[in-house]
Amino acid sequence: MKIAIIGGGPAGLYSAILLKKQRPDAEITVYERNRADDTFGFGVVFSDATLDNFEKYDSPSYRRITQEFAYWDDIAVHFRGTVHRVGGNGFCGCSRRKLLLILQERARELGVTLTFEADIEDEARFADADLVVLADGINSRFRDRYIEHFQPEVDLRSNVFAWMGSTRPLDAFTFIFQETEWGPFIAHAYQYEAGRSTWIFETDPQTFKRAGLEGLNEKQSADRMAGIFGWFLEGHQLLTNRSMWRNFPMIRSKRWVKDNMVLLGDAKATAHFSIGSGTKLAMEDAIALADAMQRAPTVEAALRQYEDGRREEVEKTQHAADVSLVWFEHVDRFWDFDPVQFAFGVMTRAKAITYDNLTLRAPDFVSEVDKAFAKQVRAQGFDVDVEKPVAPMFQPLRLREMELANRAVVSPMCMYSAKEGVPGDFHLVHYGSRATGGAGLIFTEMTCVSRDARITPGCTGLWNDEQEAAWRRIVDFVHANSAAKICLQLGHAGRKGATKLMWDGMDRPLEEGGWDVLSASPIPYFPDSQVPREMDRAAMDAVKAAFVQAAERGEACGFDMLELHSAHGYLLASFISPLTNQRSDAYGGSLANRLRFPLEVFEALRAAWPSHKPMSVRISATDWAEGGITGDDAVVVARAFAEAGVDLVDVSTGQTVRDAQPVYGRMFQTPFSEQVRNEARVATMCVGNITTSDQVNTILAAGRADLVALARPHLVDPSFTLKAAAWYGAEAVFCPPQYLPGKEQIFRNSVRDRQDFDDLKIKAKPKTRAELKAEATKPLAAE
Ligand SMILES: Cc1cc2nc3c(=O)[nH]c(=O)nc-3n(C[C@H](O)[C@H](O)[C@H](O)COP(=O)(O)OP(=O)(O)OC[C@H]3O[C@@H](n4cnc5c(N)ncnc54)[C@H](O)[C@@H]3O)c2cc1C
Ligand SMILES: Cc1cc2nc3c(=O)[nH]c(=O)nc-3n(C[C@H](O)[C@H](O)[C@H](O)COP(=O)(O)O)c2cc1C
């Protein structure tokens, strides 16, 4: 077999090694345009998990790599004169140049031919090769040559960065967030060998300009950085090596394989440097390719297996990198945070590290985070313990005069079980059991303001006395038997009205018994849905009046809070999104115009709703669709509602148009809550695929939301909050007296269960290489 590999970076060299080990008879040549020891950049990092993989696949190169590595366990965050250190991270740094020399040496030993100073123009010269590996890096010539086939998507990010080096020793992966007269600068720095560290500097384009960095040469910009970070460099030099300022290109290719050619490493996909995974991805691509070549009967089948098997893992890493880079791009959102909360945000930004995970690794750090959180709560006037605080989830919150005992919320969920809008026994048991289950706040399902405002025939309503009495019964039960507050969500279905019950076909039009539907514009949801009537002024007045009457009935029922549903493509949302609002009057066009009617309804409700009771609005912070609402629009929307007196923005997303492309994942809507909260400076509630109390605490402690709502988890577990309280030892959680023996038991068992769980986790966690090295070098006298 003949294999040609274009590019002698980590991907090209490692694939050459693994393929040659597998097929000693194969003729494998690596073509590299640079000389053997030319290399840009300074260090690379690997996690312990990646090194375990290298050990399994090629032990000789692994051993040489690890001999050359600098190990560290801690991440240190420097911000506003403070340093927070968190251990247990297990990372290693290595010089990129040494890594490449080790891989070259190993490849030669195995009989791979390495051809340097060979800039490959055309792959036609490899017509006789069975496999051509395109490992030619981020600016891949061959990916671009077959651009129509590979379909790369290049997203050039807004921040600029430059990769430099220094002689400053470091004993931790170090993030420095530096305020300057021009704006914030960030340094990502780590040591990779004795006396050498990598320094990646990053800033936003405006700060870059204001700092006068534009047009400076490498030496001048290094001097400017040394001026900014001089206090930390302690007289050490900054070194340059093609250290030009650039924008990071996030690359994703639709296809990775063309005939017998395959893209590997940065050529096919990149991951932002802030999660240090570029070289890892490149070398793990080589592993995946070698595995596929081992298993599959033909090269063609192997390449198919490589692409099919590897894509998910690469996309997962890219997603984590995306989340991380966005955090760094918007660091100004957190700039006025308490430093420990800021550091917690840095640690948990990419979702892999959580509150519970940090409690195990760095209990003192988490205790400081809890104390800072409790102090903020105390500043709100609550007499909470700031020395031994409960976890953030169990801290109270005040909205106007309504006090919530904790931050866990039952999200609004239609039960599709009402008769003519009247909630029945099912609803009493449903809401009642969730209230006694411990959540601080319970939302009703979308309750419709008139008969023709319903989504389905099973939706609840609040337009007549019978409905009012039925809701009062539920509210009274909640108040009499729990500490939960209950919020009425009012809505109008708009063009999604007159549709089937969820289990008969969500959003599908009713075949019989339907009613006329309204919307901002006459655009049906599905092509075969009813064409809604475009609302005229008279219809707007009627709808507004129906909302106000329902709110007055809500007050008569005793609800503690009112939410206006302006999300998910229902009537008010249909005004806000440009995808559903194509009006040419004062209610269409600009976002300010599109907001006019929803704000009018909100203001009317605010005037009718008692001033001591809070109000929220649910919004879709993105339509997940081309040309639709984005996170930046959501900030404008939130500000407009805040000015009109909203106390909380309930940040959901999507469901506006049927061909949306949501990016699902754990806590997938939380970034929008974070953006709205910290840009519009309004309290938010986040929701969406949040399933554990650990996630709830992580979100709250990082300042990404003020309340956390869970919908589906509450469907199967009404006592979600009570159980979480036992786990975190939050004794004060309310429990009805009838259930107290159950509470006592779960609290008693939880202490032991948690201890066992933590012990198991600690035992199961392999020692990091830094820990092993520290043990091996510990002087005997210290034993
Ligand atoms: C600022 C910055 C910081 C980074 N920090 C880290 C980090 O901390 N940790 C980490 O793991 N990764 C980091 N990376 C990423 C890392 O450098 C790359 O992800 C990794 O090197 C990708 O390996 P590769 O083999 O795919 O590509 P490359 O390493 O780019 O190798 C491609 C090779 O192909 C050669 N080549 C290109 N075209 C041709 C041609 N036509 N003919 C012959 N040869 C050709 C090039 O000369 C090059 O040697 C960082 C990257 C940047 C830009
Ligand atoms: C059965 C069901 C009914 C729902 N009904 C409503 C509703 O009436 N009003 C609303 O704003 N959201 C409604 N939602 C959306 C949820 O409130 C929540 O935003 C969504 O399910 C994501 O949260 P989760 O991942 O915790 O389930 C409903 C969700 C479910 C599963």
Side-chain angles (χ1 to χ4, degrees), residues 5-15 30-34 38-46 50 91 93-94 96 99-100 115-123 134-142 161-164 173 188 190 192 198 200-202 243 246 248-249 263-283 285-286 409-416 443-447 455 459-460 489 491 502-503 506 563 565 567-568 570 618 650-655 664 667-669 686-691 708-715:
I5 299 177
I6 307 175
L13 289 169
Y14 206 49
S15 56
V30 176
Y31 299 89
E32 166 58 49
R33 67 180 168 200
N34 292 332
D38 268 351
T39 186
F40 70 88
F42 296 91
V44 296
V45 285
F46 295 120
T50 305
F91 274 99
C94 170
R96 178 175 151 102
L99 173 71
L100 292 181
T115 312
F116 290 96
E117 298 178 73
D119 190 342
I120 306 301
E121 288 282 350
D122 191 347
E123 78 287 6
L134 307 174
D136 53 343
I138 207 159
N139 298 316
S140 170
R141 175 179 288 158
F142 295 94
F161 74 94
W163 199 357
M164 300 189 191
F173 193 113
H188 311 235
Y190 57 89
Y192 58 86
T198 290
I200 304 168
F201 295 108
E202 177 179 10
S243 303
R246 289 169 281 175
F248 189 84
L263 291 171
L264 242 63
D266 276 3
K268 67 163 206 327
T270 58
H272 190 246
F273 54 80
S274 61
I275 63 162
S277 295
T279 308
K280 160 200 150 82
L281 276 184
M283 292 175 67
D285 283 352
V409 177
V410 178
S411 198
M413 279 181 286
C414 258
M415 292 291 107
Y416 308 99
F443 274 73
T444 69
E445 59 204 275
M446 179 170 124
T447 297
I455 312 168
C459 289
T460 55
Q489 186 188 60
M502 177 180 71
W503 44 85
M506 183 101 162
E563 173 161 289
H565 198 333
H568 301 169
Y570 297 120
R618 180 165 257 208
D650 172 359
V651 185
S652 185
T653 68
Q655 300 177 48
Y664 291 118
M667 308 186 273
F668 74 110
Q669 297 176 150
C686 69
V687 66
N689 221 6
I690 298 162
T691 51
V708 180
L710 295 89
R712 289 165 296 172
H714 275 117
L715 288 180

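Each ligand, and each atom within it, is numbered from 1 in the order the structure gives.
Below 3.5 Å of separation, one finds no N or O of R246 facing any N or O of ligand 1. Residue A11 has at least one N or O atom closer than 3.5 Å to an N or O atom of ligand 1. Of the N or O atoms in I120, one or more lie within a sub-3.5 Å distance of an N or O in ligand 1. The shortest N or O to N or O distance between W163 and ligand 1 is not below 3.5 Å.
With a heavy-atom cut-off of 4.0 Å, S140 does not touch ligand 1 at all.
In this structure, the separation between OG1 on T653 and CZ on F668 is 4.5 Å, given to the nearest 0.5 Å.
Atoms of ligand 1 found under 4.0 Å from any heavy atom of Y190, numbered from 1 in the order shown, are 7 (C), 8 (O).
Checked by atom type, the side-chain pair D266/T270 shows no donor-acceptor distance below 3.5 Å. Side chains of S652 and H568: a donor on one and an acceptor on the other come within 3.5 Å.
Annotation: ligand 2 has protein neighbours S411, P412, M413, C414, E445, M446, Q489, M502, H565, H568, R618, V687, G688, N689, L710, A711, R712, P713, each with a heavy atom less than 4.0 angstrom from the ligand.
Between Y192 and F42, the ring planes are tilted. Angles from 30° to 60° get that label. Ring orientation note: the planes of F273 and F161 are tilted relative to one another, at an angle of 30° to 60°.
For the side-chain contact (heavy atoms from CB on, under 4.5 Å) test, residues two or more places apart in sequence or in another chain that qualify with P249 are I138, V154, L156, I251. In this structure, the salt bridge (Lys or Arg N to Asp or Glu O under 4.0 Å) partners of D650, at least two apart in sequence or on a different chain, are R618. For D119, the side-chain contact (heavy atoms from CB on, under 4.5 Å) test picks out R33, R141, with sequence neighbours left out.
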